[in-house]
Trainee: 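Here's a structure for you.
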Amino acid sequence: MKKFISMIMMILLIIMTMISYTSAASNTYSVNMYLEDTQYKQGDTIYIPVKLEDIDIEQGVVAFNTIIEYDKEVFETVKFQKADQWQTPTLVEDLIHSTTDSMQPSKEDQEIMTLVLKVKSYAKLGETQIELSEFEVSDTENTIENAGAAVSVEIIEGDNIQNTVQQVQNEKPKANIQVPLIIGVTTTLIIILL
C-alpha cells in the first residue's frame, strides 16, 4: 500500500511539475526593430518600426514599457509615429510607454510604434547602436519581461558640411561689398548736407 501511495504521489508531483513548466514556457514574445538601411548621413532622419511578434501570452498584450538607449551626441531627441491600434507612445526621460487604443489585449503580431531619430548635422562618424532594453508588456494582470532589441547603424559624412562651407564663402564677398558701399553712401550724404 505504501508503494502504491508513493507511486501516486510521484505521478502527481510529475504532473504538477509539467503543468508548472508549461505555464512558465508560455507568456513569451519577441521584440523586433526593422531598418530600411544600415548607413545614414549626417542630417538624415531614421525611421525604425518596432514590432511585437510570436506572442504566446494567454490573454494577449495591452501595454508596454521600455527604456531607449542611444548616443545623444549622434541623435537629436527621439520622436514617435503612432502605430495602428496603439496610442502614440509617451517618453519620460528614457522610458517609453504606450497602450492599445481600445485597452483590449491582442495576441496578433503587430507594429507598436515607429521610432524617429534625426542624425545631428555634425554627428561623429562611425557605428552606433539604438537599443530598447528592459522591455515589458502587460496582459492586464501580469507584467512579462523581455530582453528587448537593438539595431546598429553607421553614420557617414553628409552633405551638410560642404554646403555650409560653400554658403559661408558665397556670403563673405557680399558682406565685404556692402560695407564699403554703405560707407561711401554715408560719406556722400554727409558731404552733400554740409
Trainee: Would you call V137 and N146 a side-chain contact if the rule is heavy atoms closer than 4.5 Å?
Mentor: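 SC-SC contact between V137 and N146 ruled out.
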Trainee: Judged by atom type as modelled, is there a donor-acceptor pair below 3.5 Å linking the side chain of T114 to the main-chain atoms of I48?
Mentor: no
Trainee: Considering non-hydrogen atoms only, spot the tightest contact between M33 and I130 and give its length.
Mentor: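 Scanning both residues completely, I find the closest heavy atoms to be CE-O, 3.8 Å.
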Trainee: With sequence neighbours left out, write down each residue that passes side-chain contact (heavy atoms from CB on, under 4.5 Å) with E58, or none if nothing qualifies.
Mentor: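 Checked E58 against side-chain contact (heavy atoms from CB on, under 4.5 Å); zero matches.
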Trainee: side-chain hydrogen bond (donor to acceptor under 3.5 Å, both in side chains) with T143: which residues, sequence neighbours excluded?
Mentor: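 Expected list: none.
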Trainee: Measuring only between side-chain heavy atoms, which start at C-beta, is L115 closer than 4.5 Å to V50?
Mentor: yes
Trainee: Please say whether more than 12 non-hydrogen atoms of neighbouring residues, nucleotides or ligands are located less than 6.0 Å from CD in E36.
Mentor: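 No, CD of E36 has 12 or fewer neighbouring heavy atoms, counting only those of other groups under 6.0 Å.
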Trainee: For I67, which fellow cluster members are found when Ile, Leu, Val, Met, Phe, Trp and Tyr are connected by side-chain heavy-atom distances below 4.5 angstrom, either directly or through intermediates?
Mentor: L95
Trainee: Looking at side-chain heavy atoms only, is the closest gap between V116 and I46 below 4.5 Å?
Mentor: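 Side chain of V116 against side chain of I46, heavy atoms only: no contact under 4.5 Å found.
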Trainee: What do the steps show when you test Q59 against T140 for side chain to side chain contact (heavy atoms under 4.5 Å, CB included), and what is the final call?
Mentor: CA-CA 8 Å; Q59 296 177 1; T140 69; 3.3 Å; yes
Trainee: To the nearest 0.5 Å, tell me how far M103 CE sits from Q87 CD.
Mentor: 8.5 Å
Trainee: Is there a side-chain contact between L52 and V31, using heavy atoms and a 4.5 Å cut-off?
Mentor: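 L52 reaches V31 side chain to side chain.
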Trainee: Got a sec, which residues hit salt bridge (charged side-chain N to carboxylate O under 4.0 Å, His left out) with K107, two or more places apart in sequence or on another chain?
Mentor: none
Trainee: With clusters defined by side-chain heavy atoms of hydrophobic residues (ILVMFWY) lying less than 4.5 Å apart, directly or transitively, does Y122 cluster with V74?
Mentor: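 Looking at the clustering, Y122 is in a separate group from V74.
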Trainee: So, E154 side chain and G126 main chain: donor-acceptor pair closer than 3.5 Å or not?
Mentor: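 It does not hold such a pair.
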Trainee: Could you tell me whether D84 atom CG has more than 12 heavy atoms of other residues or ligands within 6.0 Å of it?
Mentor: no
Trainee: Evaluate whether atom CD of E145 has more than 12 neighbouring non-hydrogen atoms of other residues, nucleotides or ligands under 6.0 angstrom away.
Mentor: no
Trainee: Answer yes or no: is there a side-chain heavy-atom contact under 4.5 Å between I57 and Y29?
Mentor: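 Result yes, sub-4.5 Å side-chain heavy-atom pair found.
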Trainee: How would you list, by chain and number, every residue that makes a ring pair (Phe, Tyr, Trp, His ring centres under 6.0 Å) with Y40, sequence neighbours excluded?
Mentor: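 Ring pair (Phe, Tyr, Trp, His ring centres under 6.0 Å) list for Y40, sorted by chain: empty.
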Trainee: How long is the span from the CD1 atom in I55 to the OG atom in S30, to the nearest 0.5 Å?
Mentor: 8.0 Å
Trainee: Within this structure, what is the CD-OG distance for the pair E127 and S152, rounded to the nearest 0.5 Å?
Mentor: 4.5 Å
Trainee: If we ignore angles and hydrogens, is there a donor and acceptor under 3.5 Å between the side chains of S133 and E69?
Mentor: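 Side-chain D/A pair, S133 to E69: present.
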Trainee: If you compare all heavy atoms of G43 against all heavy atoms of K118, which two are closest, and at what distance to 0.1 Å?
Mentor: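 Here G43 and K118 meet closest at O-NZ, 2.7 Å.
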Trainee: Could you check if a side-chain atom of I155 sits within less than 4.5 angstrom of a side-chain atom of V153, using non-hydrogen atoms only?
Mentor: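 They are in contact (side-chain heavy atoms under 4.5 Å apart), so the answer is yes.
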Trainee: Can you tell me if Q110 uses its side chain to pair, donor with acceptor, with the backbone of E108 under 3.5 Å?
Mentor: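 Flag set: sc Q110 to bb E108 pair under 3.5 Å.
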Trainee: With sequence neighbours excluded, what pairs up with K41 under the side-chain contact (heavy atoms from CB on, under 4.5 Å) test?
Mentor: D44, I156, D159
Trainee: Any heavy-atom pair between the side chains of L117 and T45 that's under 4.5 Å?
Mentor: no
Trainee: Going by side-chain hydrogen bond (donor to acceptor under 3.5 Å, both in side chains), name the residues that satisfy it together with E134, two or more places apart in sequence or in a different chain.
Mentor: none
Trainee: Rounded to the nearest 0.5 Å, what separation is found between the OG1 atom of T99 and the CD atom of Q85?
Mentor: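 Going from the OG1 atom of T99 to the CD atom of Q85 covers 12.5 Å.
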Trainee: Which residues pass the side-chain contact (heavy atoms from CB on, under 4.5 Å) test with A147, not counting sequence neighbours?
Mentor: none
Trainee: To check you understand the geometry: which heavy-atom pair defines the closest contact between H97 and A63, and what is its length?
Mentor: CE1-CB, 4.3 Å
Trainee: Look only at the side chain of Y47 and the backbone of Q81, and say whether a donor-acceptor pair between them is shorter than 3.5 Å.
Mentor: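 No.
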Trainee: Quick one: which residue pairs count as a ring-ring contact (aromatic ring centres under 6.0 Å, His included) with a foot in residues 53-93, not counting sequence neighbours?
Mentor: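 Qualifying pairs: F64-W86, F64-F135.
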Trainee: Supply the atom-to-atom distance N27 CG to D56 CG, rounded to the nearest 0.5 angstrom.
Mentor: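 One finds 7.5 Å between CG of N27 and CG of D56.
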Trainee: Is a side-chain donor or acceptor of D139 paired with a backbone partner of P105 at a separation under 3.5 angstrom?
Mentor: no
Trainee: Restricting to side-chain hydrogen bond (donor to acceptor under 3.5 Å, both in side chains), what partner residues turn up for K72, sequence neighbours left out?
Mentor: D94
Trainee: For S102, which residues count as a side-chain contact (heavy atoms from CB on, under 4.5 Å) partner, sequence neighbours excluded?
Mentor: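 If we apply the side-chain contact (heavy atoms from CB on, under 4.5 Å) test to S102, skipping adjacent residues, the hits are T100, Q104.
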Trainee: Which value, rounded to the nearest 0.5 Å, describes the distance between E53 atom CD and I112 atom CD1?
Mentor: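 One gets 10.0 Å once the value is rounded to the nearest 0.5 Å.
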Trainee: Can any side-chain N or O of D109 pair as donor or acceptor with the backbone N or O of D54 at less than 3.5 Å?
Mentor: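 Judged by distance alone, yes, a pair lies under 3.5 Å.
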Trainee: Could you pull out all residues at least two apart from K82 that satisfy side-chain hydrogen bond (donor to acceptor under 3.5 Å, both in side chains)?
Mentor: D101
Trainee: Can you find a pair of side-chain heavy atoms, one from E131 and one from V151, that are under 4.5 Å apart?
Mentor: no
